[in-house]
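Written below as structure tokens is the structure these notes are about.
Within every chain, numbering begins at 1; the chains are lettered A, B, ... in the order of the sequence lines, protein sequences first and strands thereafter.
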2 protein chains.
Amino acid sequence: MPKVETFNRQQVLHNATEVFHKKGYNGTSMQDLVDATSLNRSSIYNSFGSKLGIFMDVLSYYHATYKRQIGKKVVSSHNASDTLNGIFDIYINDILNDNDEKGCLILNSKSEMTNQDLTIKAFIEENQEQTLALLEDIVYNGQMEKIFNKNQTPAQYALYLFTGIQGFRMTGILNKNQDDLKNLAQTIIKVLY
Amino acid sequence: MPKVETFNRQQVLHNATEVFHKKGYNGTSMQDLVDATSLNRSSIYNSFGSKLGIFMDVLSYYHATYKRQIGKKVVSSHNASDTLNGIFDIYINDILNDNDEKGCLILNSKSEMTNQDLTIKAFIEENQEQTLALLEDIVYNGQMEKIFNKNQTPAQYALYLFTGIQGFRMTGILNKNQDDLKNLAQTIIKVLY
DNA sequence: TCTTTACTGAAATGAACGTTTCAAAAATAA
DNA sequence: TTATTTTTGAAACGTTCATTTCAGTAAAGA
């Protein structure tokens, strides 16, 4: 029987994510990935097929870590308002710990690659739809709980929150002031009350 | 006396802007620029020094066209609320006419290049400060006119609006529904009333 | 006309790009 | 131990990268 994959796939993806996140898709070379993963060039091609292949896996890996974090907040929070605040807390935390102004990998990929590669575009669209669905759900619950107003439909508020989060991430690239960010999050959420 | 520069610099910058906007900085090659500008490779180096050099000129060119548009709105509007709506109208118009999902060149550069090149980062920071100052001024006027509330300082609301605009631009990459966008703009502005 | 300077064109620079190849090493199950 | 299959390592693939070079052409003031 064959020799089995020896490297730690999660660890490799973690390291690859770091490079892509820091340098972007076009800015990252195969050599960068070889260096970051300590994997052989051939092993990368054997296991991921191509640069685009490993990048797609990296996007999924990155997305999954967020989905996990947000999922926890959703189940642990007492109401829709709590949930929203919890989600912004996650982003604030990430912004404050982003020491080299990388921003959000998915947003970066959206602006760099949406119009360059259909596979990446499809991922971004899918990610967007999932996020909007989640936000819509939260808003709907908040409106049922009479915590949020009904000036806009859940779908409309979801798009607003989605927009707010994207802007929040972009602002956070160059503004790491915690008070500013907390206040900003509150101002964004305020429309819903 | 010397022969003088013959090509139309504005036209060249316009064409170069289009390529950089479409492909990003790392995705654009010197050959792309030669093709787009119809300039000789040597002429580009003679006139702009380097790829980074022409890119910086492109950023300034792109920024200037926005500054001109926004300046017009500012002087032609009757009050702060009008001004804000006018600014969002500019972005809505650009989003609807962005047929190949390019997004905003400056935002794209922010996410792609802020952590890769100090010259570009400096430009982005300067641009950000100018925009915040403009927004702060508009908010201040709106508060003086009693159109906007004083729940937040002009600087705080400026950061909020700046964030909203960035999110707006990012959302507009994949969502070109005019009604959605108009409603979104109104929702963003609403906090100030 | 002559000198000065800049644009043009094409070729060449060396380095880096993503990807492929292949023989050797390693690991499992029979 | 042996057969099977994959991971390695290193070199090489052809292409493209940003940039330079340089001889030739063009334009304007002296």
Side-chain angles (χ1 to χ4, degrees), chain A residues 1-59 108-109 112-113 116-121 123, chain B residues 1-59 108-109 112-113 116-121 123:
Chain A
M1 271 292 184
K3 177 179 177 182
V4 81
E5 199 176 82
T6 58
F7 60 82
N8 180 336
R9 208 176 176 90
Q10 292 293 102
Q11 182 64 52
V12 164
L13 280 178
H14 177 83
N15 294 348
T17 300
E18 207 166 40
V19 197
F20 276 124
H21 198 175
K22 203 175 282 180
K23 302 193 166 196
Y25 183 77
N26 284 317
T28 299
S29 70
M30 258 350 241
Q31 189 56 50
D32 289 332
L33 293 168
V34 167
D35 295 343
T37 61
S38 301
L39 233 54
N40 191 272
R41 198 178 302 272
S42 335
S43 304
I44 297 180
Y45 279 94
N46 275 336
S47 306
F48 301 98
S50 65
K51 185 186 175 184
L52 181 60
I54 190 170
F55 185 67
M56 294 311 298
D57 281 3
V58 155
L59 278 183
N108 293 352
S109 305
E112 185 187 2
M113 299 304 293
Q116 297 297 311
D117 182 278
L118 289 178
T119 313
I120 297 177
K121 180 182 173 184
F123 181 94
Chain B
M1 268 296 183
K3 177 182 177 184
V4 82
E5 199 175 82
T6 58
F7 61 82
N8 182 336
R9 208 177 176 89
Q10 291 293 101
Q11 182 64 51
V12 164
L13 280 178
H14 176 82
N15 294 348
T17 300
E18 208 166 37
V19 197
F20 275 124
H21 197 175
K22 202 174 282 181
K23 303 193 164 197
Y25 182 77
N26 283 318
T28 299
S29 71
M30 252 0 228
Q31 189 57 49
D32 289 333
L33 292 169
V34 168
D35 295 343
T37 60
S38 301
L39 232 56
N40 191 273
R41 198 177 303 271
S42 331
S43 304
I44 298 180
Y45 278 94
N46 275 335
S47 306
F48 301 98
S50 66
K51 185 185 174 184
L52 181 61
I54 190 170
F55 184 68
M56 295 310 298
D57 281 3
V58 156
L59 278 183
N108 294 351
S109 305
E112 185 187 4
M113 299 303 294
Q116 298 296 313
D117 182 278
L118 289 178
T119 313
I120 297 177
K121 179 182 173 182
F123 180 95

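- In the set D:dT19, C:dT19, D:dT7, the nucleotide with an atom closest to the side chain of A:Arg41 is C:dT19.
- In this structure, B:Leu39 CG and B:Gln11 CD are separated by 11.0 Å, a value rounded to the nearest 0.5 Å.
- Rounded to whole angstrom, the span from the CD1 atom of B:Ile44 across to the C1' atom of C:dG9 amounts to 13 Å.
- Taking atom CG on A:Asn46 and atom P on C:dC22, their separation rounds to 14 Å, with Å as the unit.
- Spacing between atom CE of B:Met30 and atom P of C:dC17 amounts to 18 Å, rounded to whole angstrom units.
- Near DNA chain D, meaning a heavy atom under 4.0 Å from it, residues 19-28 of chain B has B:Thr28 in order of number.
- When the C1' atom of C:dA6 is taken as reference, atom OH of B:Tyr45 falls 18 Å away, rounded to whole Å.
- A:Gln116 places a side-chain N or O within donor-acceptor distance of the main-chain N or O of B:Lys22, the cut-off being under 3.5 Å.
- Here C:dC17 is the nucleotide among D:dT8, C:dC17, C:dC7 with the atom lying nearest to any side-chain atom of A:Ser29.
- Without hydrogens or angle criteria, A:Lys51 side chain to A:Tyr25 main chain gives a donor-acceptor distance under 3.5 Å.
- Between B:Ser42 and the phosphate of C:dG9, there is no side-chain N or O to OP1/OP2 separation shorter than 4.0 Å.
- With rounding to whole Å, B:Ile54 atom CD1 is found 14 Å from D:dT19 atom C1'.
- Here the side chain of B:Glu112 pairs a donor or acceptor atom with the backbone of B:Asn26 at under 3.5 angstrom.
- If you check the side chains of B:Ser29 and B:Asp32, you find a donor sitting under 3.5 Å from an acceptor.
- Taking atom CG on A:Asp35 and atom P on D:dG9, their separation rounds to 13 Å, with Å as the unit.
- Atom CG in B:Asn40 sits about 13 Å away from atom C1' in D:dA23, given to the nearest Å.
- Taking the nucleotide of DNA chain C with the nearest heavy atom to each of A:Gly49 and A:Gln31, the more 5' of the two is matched to A:Gln31.
- As rounded to whole Å, 13 Å separates atom C1' of D:dT16 from atom NZ of A:Lys51.
- Between atom CD of residue B:Glu18 and atom CG of residue B:Leu33 there is a gap of 12.0 Å, rounded to the nearest 0.5 Å.
- Atom CG in B:Asp117 sits 5.0 Å away from atom CG in B:Leu52 (nearest 0.5 Å).
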